[in-house]
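Report on the structure given below.
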Number of protein chains: 2
Amino acid sequence: MTLEDVARSAGVSLATASRVLGGTARVREDLRERVLAAADRLSYIPNAHARALAGSSSQVVGVICHDVSDPYFAGIAGGVMRAAAAHGLLVMLASTFRDPAQEVAYLSMLRAQRARAILLIGSGFEDRAWERAMNAELEPYLRSGGRVAVVSRHRALKVDAVLPENRAGGAALARAMLDLGHRDFAVLSGPRTLTTVADRLAGFREALAEAGVELPDDRIVEESFTRDGGYAAATELIRRGVRATCLFAVTDVMAVGALAALRDHGLRVPQDVSLAGFDDIPIVRDLTPPLTTVALPLAEMGERVMALALRETRGSRARIERVGGEVILRPSTAPPRRP
Amino acid sequence: MTLEDVARSAGVSLATASRVLGGTARVREDLRERVLAAADRLSYIPNAHARALAGSSSQVVGVICHDVSDPYFAGIAGGVMRAAAAHGLLVMLASTFRDPAQEVAYLSMLRAQRARAILLIGSGFEDRAWERAMNAELEPYLRSGGRVAVVSRHRALKVDAVLPENRAGGAALARAMLDLGHRDFAVLSGPRTLTTVADRLAGFREALAEAGVELPDDRIVEESFTRDGGYAAATELIRRGVRATCLFAVTDVMAVGALAALRDHGLRVPQDVSLAGFDDIPIVRDLTPPLTTVALPLAEMGERVMALALRETRGSRARIERVGGEVILRPSTAPPRRP
DNA sequence: GCGCATTCTGAAAGCGCTTTCTGATACCGT
DNA sequence: ACGGTATCAGAAAGCGCTTTCAGAATGCGC
């Protein structure tokens with residue numbers, strides 16, 4: 001079933017049928033209706049490939065994230081899909097499972113698909129080779145008219161970005177904990193080669209330093225960026241006998257694991273130790289105790305990054321939108337027990 | 001940068017370059033290398049549209065689900081992506097946000113994209129018009145060689161399917177609760193027009209009936225399929241003064257909301273009331289108390305439905321794979337308090 | 001050293017669509 | 001009633017690739 005069939009069945013030329021279905025130009029009303037009727041009658045489905053090839057448009061945007069099944073990315077992806085739907089776009093979603101090489105590979109595939117825009121969601125890697133490879137893909141893509149926007153990347157790329165207030169959020173959280181009276185901290189960290197982690201940690205540390213509180217390196221445990229990573233990190237801290245009154249997990253997902261580990265070791269939150277996370281994924285308010293965290297408007301971030309990628313932008317420079325960073329105090333943090 | 005440029009730069013014909021890059025036929029070693037070198041030198045990126053148009057392959061599979069940001073779908077989507085990556089496929093993911101019309105629209109878009117396979121994830125709707133529209137899209141797609149596989153649909157569609165043991169799981173859960181000594185039940189239900197809900201409910205009810213236990217309709221509260229829906233449903237039950245000793249939320253996500261509602265109303269789980277869910281999304285084991293539920297291997301379901309869609313299948317009939325259904329007893333359920 | 005079978009390469013025909021470009025038709029003023 | 005200007009339909013040229021089809025080059029046996 002091709003356009004030609006439709007045209008023939010409607011008794012008009014191929015060009016006219018194309019104009020009607022594409023809405024490209026004015027066509028006399030009666031012809032228009034005949035074409036539409038024919039298309040309907042034959043249940044014609046246009047071939048997106050032929051369209052893209054001839055026209056060079058493409059109704060597809062590509063999204064690359066670390067892992068869709070992680071609530072953080074799932075939340076952002078939800079926002080992206082909503083925005084895409086509003087524009088009649090299709091989304092190609094790829095999970096790299098945190099493998100830099102996969103990310104480059106997907107980028108290249110999305111280029112081959114002539115995606116109208118490419119969104120990179122989630123932390124970049126501190127890795128020179130990866131960075132070079134990414135830029136080698138991105139730069140020609142941009143030059144060929146592709147649009148790129150990112151969430152949570154470092155500034156190496158000169159593209160539009162939605163930037164969570166990682167550093168400021170970390171700092172705000174630290175101040176909030178200091179205000180509660182805490183002086184002994186420990187951090188459950190993800191891989192520090194991820195910019196997101198580095199930023200959150202840096203902000204947290206700086207705010208502590210400003211208050212004259214040290215955060216020695218042995219108070220930072222580095223584990224994978226998952227629930228089990230959080231569990232392992234908290235367990236390790238306990239094993240080491242670290243006597244902190246407040247734990248900061250750099251993501252909520254890790255905090256969930258940490259909470260389980262603390263409970264399993266007979267520590268009560270917040271009576272024995274306070275625990276805070278980062279992201280405000282939906283579930284954390286339903287934990288027991290509900291988790292103090294730094295809020296990020298996940299779905300909105302997805303919508304905004306999509307909007308950035310779609311905006312007309314001939315010549316204007318990269319736009320940065322900062323979001324979130326507000327501390328949400330919940331019962332998982334409390335003043336430290338008087339010794 | 002087209003294949004022609006590569007061919008010219010390598011000093012071979014277009015056809016030869018195509019054969020080398022497509023791996024379609026044997027090409028003399030030295031020519032092969034020259035083509036590869038030229039492609040690399042020019043950082044050639046093939047045009048997937050031209051490829052699909054000429055060849056009729058397509059490296060893309062389409063996935064339609066209700067909502068990626070829901071942990072249930074996110075988990076399955078994770079499995080799908082993993083399987084897709086293993087086959088070098090790209091995934092177009094669409095969220096319908098539970099709108100049947102959207103589902104049909106996406107199906108049509110994916111057809112236009114000539115997706116190699118289309119996966120429908122999640123409950124179907126009990127809606128004749130929708131069913132007709134879906135079949136009208138699906139049938140020609142299948143006839144044109146497209147592959148379709150589903151997770152959790154009813155049998156109206158004659159396609160490969162991964163079917164969670166909704167009915168059997170509901171029944172098994174009911175029996176487990178009966179074994180604990182419960183006789184007074186209430187159900188926090190999602191829209192019963194969704195086949196998934198209907199099946200879980202039916203299984204649950206049947207098993208109760210077999211034990212001579214009634215589940216009157218006023219013990220079933222129907223709310224939206226979300227955390228807040230669960231909260232609302234539990235609140236409504238409390239408002240009505242229903243004195244059940246065991247609550248069954250038809251999805252874990254609803255159970256999360258229900259747990260919050262119960263706590264907010266001063267009811268302890270499981271001392272005052274037992275609560276069970278369905279799906280075993282990752283978070284529920286970290287709730288307080290950890291939630292009894294019926295396990296579904298989400299990621300595996302994603303991988304299997306992808307495998308079904310990809311298998312060679314000239315002529316063979318639709319294959320059904322049943323998964324999950326095992327009751328996981330956790331502390332959210334306990335014997336009822338002796339009155 | 002010749003003929004034939006066997007690879008392998010190149011020319012060319014599409015795949016289904018968009019978009020000039022050209023030509024036909026209708027409409028306006030005078 | 002006529003030339004000139006808008007409108008609008010149709011023919012045809014690609015978009016970048018795959019894949020026949022036919023022909024060139026190679027290898028083999030005798």
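Reminder, nothing fancy here: chain letters follow the sequence lines and each chain counts from 1.
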Ser123(A)-Thr195(A) side chain donor-acceptor pair, cut-off 3.5 Å: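 Side chains of Ser123(A) and Thr195(A): pair found under 3.5 Å.
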Polar side chain donor-acceptor pair, Ser95(B) to Arg82(A), under 3.5 angstrom: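 No, Arg82(A) and Ser95(B) have no side-chain donor paired with an acceptor closer than 3.5 Å.
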Has Arg41(A) got more than 12 heavy atoms of other residues, nucleotides or ligands less than 6.0 Å from its CZ?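 Enclosed: over 12 neighbouring heavy atoms sit under 6.0 Å from CZ of Arg41(A).
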Contacting residues from residues 16-40 of chain A, given that a heavy atom lies under 4.0 angstrom of DNA chain C: Ser18(A), Arg19(A), Thr24(A)
Can a donor-acceptor pair be found, under 3.5 Å and without considering hydrogens, that links the side chain of Thr96(B) to the backbone of Gln102(B)?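 Absent.
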Aromatic contact, Phe73(B) with His66(B) (centres under 6.0 Å): yes
With a 4.5 Å limit on heavy-atom distance, are the side chains of Asp160(B) and Arg311(B) in contact? yes
Report the relative orientation of the aromatic rings in His49(B) and His49(A); use parallel for angles under 30°, tilted for 30 to 60°, perpendicular for over 60°.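 Ring orientation of His49(B) relative to His49(A): tilted.
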First encountered from the 5' end of DNA chain C, between Val12(B) and Gly55(B): Val12(B)
Report yes or no: is the cationic atom of Arg98(A) (NZ for Lys, CZ for Arg) under 6.0 Å from the centre of the six-membered ring of Phe225(A), at an angle within 45° of the ring normal?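 Here Arg98(A) fails the 6.0 Å and 45° test against Phe225(A).
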What are the bounds, 5' to 3', of the part of DNA chain D that sits under 4.0 Å from heavy atoms of chain A? dC8(D) to dG16(D)
